[in-house]
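Structure first, then comments.
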Amino acid sequence: MDLSSLNDKQQQAVTAPLGPVLVLAGPGSGKTKTLTYRIAYIIEKRLVPPAHILALTFTNKAAKEMRSRLQALLARYKSASEQITMGTFHAVCARLLRADIDKLGYGRDFVIFDTDDQQKLIKEILEDLRLDSKRFPASLFGALISRAKNLLQLPSELNIGVEQPLAGQLQEVYARYQDSLLKQNGLDFDDLLMLTVKLFESFPKVLEKYREKFKYILVDEYQDTNPAQYALLRLLAKHENVFVVGDDAQSIYGFRGSDIRNILSFEKDFPRALEIKLEQNYRSSRNILAAAQKVIELNPDQRKKTLWTENRGGEKITVFEAEDERAEAEFVAKKIIALSSGLPVEPEYVQEQPAAGYSILDRFLKARRLYGASLNDFRRGPLPQLPKKHDSLTEYCVLYRTHAQSRAMEEVLISCGIPYQIVGGLKFYERREIKDMLAYLRLCLNFRDLVSLKRVINEPPRGIGDKSYQVIRDAILELAPRGQEVQLSEFRHKLTEVKLQSKAQKSAEEFFAMLDELSATPEPLALPDLIKKVTKRSGYERYLRDGSESGEGRWENVEELMTVANKFKHLPWREGTTAFLEEVALLSEIDQKDDNKDSVTLMTLHSAKGLEFDNVFFIGLEEGILPHSRSLIETDQLAEEIRLAYVGLTRARHRLFLVYARSRRIYGDNRLSNPSRVLKVLPREAVEFVGVSKSFFDEADADGELTVEEMEF
DNA sequence: AGCGCTCAGCTTTTT
DNA sequence: GCTGAGCGCT
């Protein structure tokens, strides 16, 4: 294999002997390349057969990319890359559980409950327990339960340092929640990890099977693994054949339970570990790298790593002070136009105000509220157009801390005719009509899915309100103590004995008869047929297509869903639906980005991890936003904000624009803000300041700590 | 049961 | 500035 395109350190990592290896890889140091070559190397040297390799990536997209790169590297072994088990921790666990979860009392056709489903379930439990939803929001319990699961604690083992009386309530809620999930045959995201660990711990034979299967394990983005994921690694890697790659300076998922100690104490856990540092950066200009280095030094106990590059100094970084978020967005838009078209930026390209009476913006905002239209759907009409001749926009990206910041940016981009795509935010799969359809599909597989049942039992309206739903729910919960098969026919019989209002009674019987009929769909039919059948039989199509424009729009979304479902038409519908629902549930935000579209990318810093762009606009660099005001209390969290800034800066190859606004609309009113501390430590010689107030330098020169008052926004 | 209205409280970040 | 809970009316 040709390793000549790798540097010494990369080669050392790629050709390391089997056994534990930790690669500490700075941004832009060829981490993915090293990982890919490593896999190719061990296959080609016949150290491990491809079918015995497990590669864990952070997103599905990363897995897909790695697979295709491997295909190129391993041209001689065509099928090798397909034999490797590759995917996110969550996706791989889901696959393992499909084979053996029946041992834990769940059905193998379990569905995955997303955060929204989880929230709804907890809310019902809180109502049952008559807990005040003001003082005890479902989101709080959701977060705490998630924390417990990440630490592998079942309700009976709960110990996450919460004080009484909350701890007692939490235990009760968690126990009921878990019981309810089991009865519905549902798993939440954290269950995928936790239950896999529990399965391995309780069934040594199963563990042994997978230890044999996964003789060699590689983990990307290791700094963002949580204790459950770590436990999985420890269990599986009997021979310590683990190859992990990460960067402690880019650990940004602490809020999700990831534990930076996993990377910091790797050698302690694997004493034989070989540690290799990749410190040469191939991505960014020297100026950008110097700035990033200064920023990460704000964290005193970050592990020392000295990045260097042979790249040129490059253009200076621009720091721009805007009046408000509108001016911030206009600055970005003007720069994009100027850079991509080579034209001087004239005011006419940026419409300061939408023309009087012309409200494409209003139309869009309304449409987005109604059914989450993409902005580009609304670019028709007399809007200014980006100059015809422009470079590709795929190399431009706008980064921000929170989704809320995208809005002003979107408005200006529309009014300039600049095409863009947003990563995350209101996702296709979060739209109401899509969730409704998915709920119907889930019910076809499993009528006891209460979250789905509640969602669509009265959608379209059937005269089954909340009261009736609750009666039905209780009847379902009484059915069987565990998640084994319960016949729908059995329940339909039981339903006739339940006390409901006569109209609701009739509707409910009809509803479950429909489910019975749908789930009796003969196996040769596939998922697309089932969806069509559902839309007709449930009356959902007729209900959506009420003749209104927005109704048609929604129906188009349902049709789009059918297109996606076509991927599964080769499978019998039960299998196809299960696979489809799983894929949809585990899709990450970044997976939905279209790399081939000629558009500017807008996304949060979290979504940007692992990506790179020639031109990066990093907006909202203000105290209270980055670092976020919610993070100012705890030093751990503050450190994570700094790392987040570091991740943002190091996405850029050539041009980097750092923008902040003096005032910003928050919750509807204008508030003054201060430039982020991140800006104050930038090396002056690498930066050009544009429109920056004198006070910025006064404060930066004073080098004093900001008072709490100044930090708040 | 189902609509529409009002008001409060809120926003990190995601598999 | 948006959402969703709560209320009152049909």
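No hydrogens, no waters, no symmetry mates; every other heavy atom, side chains included, goes into these values. Below, chain A is the first sequence line, B the second, and so on; all start at residue 1. All values derive from a computational prediction rather than experimental measurement.
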Please determine which of A:Asp100, A:Thr85, A:Leu54 meets the side-chain contact (heavy atoms from CB on, under 4.5 Å) test together with A:Tyr210. A:Asp100
Option passing salt bridge (Lys or Arg N to Asp or Glu O under 4.0 Å) with A:Asp114 (candidates A:Lys120, A:Lys435, A:Arg442): A:Lys435
Taking B:dT11, B:dT15, C:dG1 as options, the one with an atom nearest any side-chain atom of A:Ala404 is B:dT11
Same-atom distance (C1') from C:dG4 to B:dT13, integer angstrom: 23 Å
Proximal nucleotide (of B:dT14, B:dT15, B:dT11) relative to the A:Tyr253 side chain: B:dT14
Salt bridge (charged side-chain N to carboxylate O under 4.0 Å, His left out) partners for A:Lys467, two or more places apart: none
Between atom CD1 in A:Ile260 and atom P in B:dT13, what is the gap in whole Å? 21 Å
Quick check: on DNA chain B, is the nucleotide nearest A:Lys467 upstream (toward 5') of the one nearest A:His403, or the reverse? Name the residue that is more 5'. A:Lys467
Between B:dT15 and A:Ser588, is there an OP1 or OP2 to side-chain N/O distance shorter than 4.0 Å? yes
Can you tell me if A:Ser673 and A:Glu622 form a side-chain donor-acceptor pair at under 3.5 Å? yes
Can you tell me if the side-chain N/O atoms of A:Ser468 get under 4.0 Å from OP1 or OP2 in B:dA1? yes
Minimum side-chain heavy-atom gap A:Val678-A:Glu641 below 4.5 Å: no
Under 4.0 angstrom between A:Arg665 side-chain N/O and C:dG1 OP1 or OP2: yes
Going by ring centres under 5.5 Å and near-parallel planes (under 30°), is A:Phe255 stacked on B:dT13? yes
In whole Å, I'd like the distance from the CG atom of A:Asp116 to the C1' atom of B:dT15. 15 Å
Partner of A:Phe58 by ring pair (Phe, Tyr, Trp, His ring centres under 6.0 Å), out of A:Tyr253, A:Phe89, A:Tyr222: A:Tyr253
Separation of atom CD in A:Glu410 from atom P in C:dG1, rounded to whole Å: 16 Å
Just to verify, which of A:Glu411, A:Arg664, A:Arg665 counts as forming a side-chain contact (heavy atoms from CB on, under 4.5 Å) with A:Arg326? A:Glu411
Assert: residue with more 5' nearest nucleotide on DNA chain B, out of A:Glu641 and A:Ile464, is A:Ile464
Please state whether the phosphate of B:dT13, meaning OP1 or OP2, lies under 4.0 angstrom from any side-chain nitrogen or oxygen of A:Ser607. no
Can you tell me if A:Arg462 touches the phosphate of B:dA1, counting only side-chain N or O atoms and a distance under 4.0 Å to OP1 or OP2? no
Side chain of A:Asn458 only, please: which of C:dC2, B:dT11, B:dG2 is the nearest? B:dG2
Which atom pairs link the protein and nucleotides 4-8 of chain C when you take only N or O atoms and keep those under 3.5 Å?
residue: C:dA5; atom: OP1; partner: A:Lys123; partner atom: NZ; Å: 3.0

